[in-house]
Amino acid sequence: MKEGPDLSRIAALVGDPARANMLSALLGGGALTASELALEAGVGLPTASSHLAKLSQGGLVRVASEGRHRYFGLAGPEVAAMLEAIAGVAAAYGPRRTRPGPRDRAMREARVCYDHLAGEKGVALFDHLVRRDLVRLDGDAVALTPQGRGWFEELGVDFAALGRSRRPLCRACLDWSVRRSHLAGSLGAAALDIVIRRGWARRDGGGRALAFTPPGQRAFSRLLGE
């Protein structure tokens, strides 16, 4: 056996269609019950429980108990980043599953990627940060500049709180729908929190899509100098 990470084990876990649908449903950053995930996967509850046991043993999902209920969520942002990257490759090179309707457009425009802003709005924010030298790119690495720190502090970001996180502050996440990067890491999560807390956008029907209100759209555009 070759040395290094066992890619085949993770690939096998993600590669099953039912498990892939479950993981995609958890990309919104929330936690769902086995019954809810069974509906997402299109399988019965016993089959869903078997899939979830494999995902849990494989380290891709975590489980939390609350009373009589058990809730499943992604194990961490690195799992979300892997899934988003796979989705990008699938969108570029694999067969496309078409799901016509307005929700497709909503997902492309703005959505939650685990805990940060994705879609066209997320990419526009990242482009603005790079263009104004608020963040700098060095290959795949993203670094916040002093000007960028000041910009985010004016928006209300608490860097002392972010510093207590073990997550990287800034990270580029490849956006599968736009095929360019949006901002991830603890700062990306803080940026999404600002959008939600200020009422600029809300979850569209409880899913991953974000619907910007007209005032929120105008405020977001002003933020980007548009």
Side-chain angles (χ1 to χ4, degrees), residues 14 17-33 35-42 61 71-74 77 79-130 155 171-185 187-226:
V14 178
R19 291 196 290 269
N21 285 336
M22 290 179 172
L23 292 168
S24 295
L26 295 174
L27 260 175
L32 299 174
T33 65
S35 297
E36 291 168 327
L37 288 167
L39 289 174
E40 292 287 345
V61 302
Y71 294 91
F72 297 85
L74 295 184
V79 177
M82 175 190 70
L83 296 173
E84 190 80 358
I86 292 173
V89 173
Y93 303 107
R96 301 287 300 274
R97 293 181 300 175
T98 57
R99 296 181 181 179
R103 290 184 63 82
D104 274 347
R105 175 61 204 162
M107 283 280 283
R108 287 194 299 271
E109 182 176 1
R111 67 182 182 277
V112 176
C113 176
Y114 188 63
D115 63 357
H116 51 271
L117 179 63
E120 293 168 2
K121 288 285 195 298
V123 170
L125 173 62
F126 190 73
D127 286 349
H128 175 78
L129 297 175
V130 173
L155 289 175
R171 189 176 60 77
C173 183
L174 182 63
D175 196 293
W176 67 262
S177 58
V178 183
R179 302 184 194 175
R180 287 165 53 208
S181 294
H182 56 247
L183 181 67
L187 190 57
L192 175 61
D193 182 63
I194 289 168
V195 168
I196 300 297
R197 185 159 32 89
R198 294 190 176 187
W200 294 353
R202 62 182 183 276
R203 288 282 185 104
D204 184 9
R208 292 179 61 199
L210 286 171
F212 273 70
T213 65
Q217 174 67 62
R218 291 192 292 270
F220 190 78
S221 295
R222 286 195 299 270
L223 181 69
L224 304 188
E226 299 176 349

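Everything quoted here is computed from the prediction, not taken from an experiment.
- For the pair Met22 and Glu40, the minimum side-chain heavy-atom distance is 4.5 Å or more.
- Side-chain N or O atoms of Asp175 include one that pairs as donor or acceptor with a backbone N or O of Gly119 at under 3.5 Å.
- Put simply, OH on Tyr71 and OG1 on Thr33 are 7.0 Å apart, with the number rounded to the nearest 0.5 Å.
- How far CG of Leu129 is from CG of Leu187: 7.5 Å, rounded to the nearest 0.5 Å.
- Under the rule for a salt bridge (charged side-chain N to carboxylate O under 4.0 Å, His left out), Arg19 has no partner lying at least two apart in sequence or in another chain.
- When the side chain to side chain contact (heavy atoms under 4.5 Å, CB included) test is applied to Ala191, the partners found at least two apart in sequence or on another chain are Leu125, Phe152.
- Residues Leu37 and Leu26 meet the side-chain proximity criterion, which asks for heavy atoms closer than 4.5 Å.
- Looking at Arg198 and Leu155, their side chains come closer than 4.5 Å, going by heavy atoms from C-beta outward.
- Between His116 and His182, the ring-plane angle classifies as tilted under the 30° and 60° cut-offs.
- The distance from the CH2 atom of Trp200 to the CG atom of Leu117 is 10.5 Å, given to the nearest 0.5 Å.
- What you find for Tyr114 and Ala80 is that their closest heavy atoms are CB-CB, 3.4 Å.
- To the nearest 0.5 angstrom, Arg208 atom CZ is 4.5 Å from Met107 atom CE.
- The structure places CD1 of Ile194 at 11.0 Å from CZ of Phe220, a figure rounded to the nearest 0.5 Å.
- Between Leu210 and Arg203, some side-chain heavy-atom pair lies under the 4.5 Å cut-off.
- In terms of the side-chain hydrogen bond (donor to acceptor under 3.5 Å, both in side chains) criterion, residue partners of Gln217 (sequence neighbours excluded) are, by chain and number, Lys121, Ser221.
- Atom CD of residue Glu84 and atom OG of residue Ser24 lie 9.5 Å apart, to the nearest 0.5 angstrom.
- Looking at residues two or more places apart in sequence or on another chain, you find a side chain to side chain contact (heavy atoms under 4.5 Å, CB included) between Ala87 and Trp176.
- Under the side-chain hydrogen bond (donor to acceptor under 3.5 Å, both in side chains) criterion, Arg197 pairs with Asp193, sequence neighbours left out.
- Closest approach of Arg202 to Thr213, counting heavy atoms only: NH1-CG2, 3.5 Å.
- With sequence neighbours left out, Ser35 forms a side-chain hydrogen bond (donor to acceptor under 3.5 Å, both in side chains) with no residue at all.
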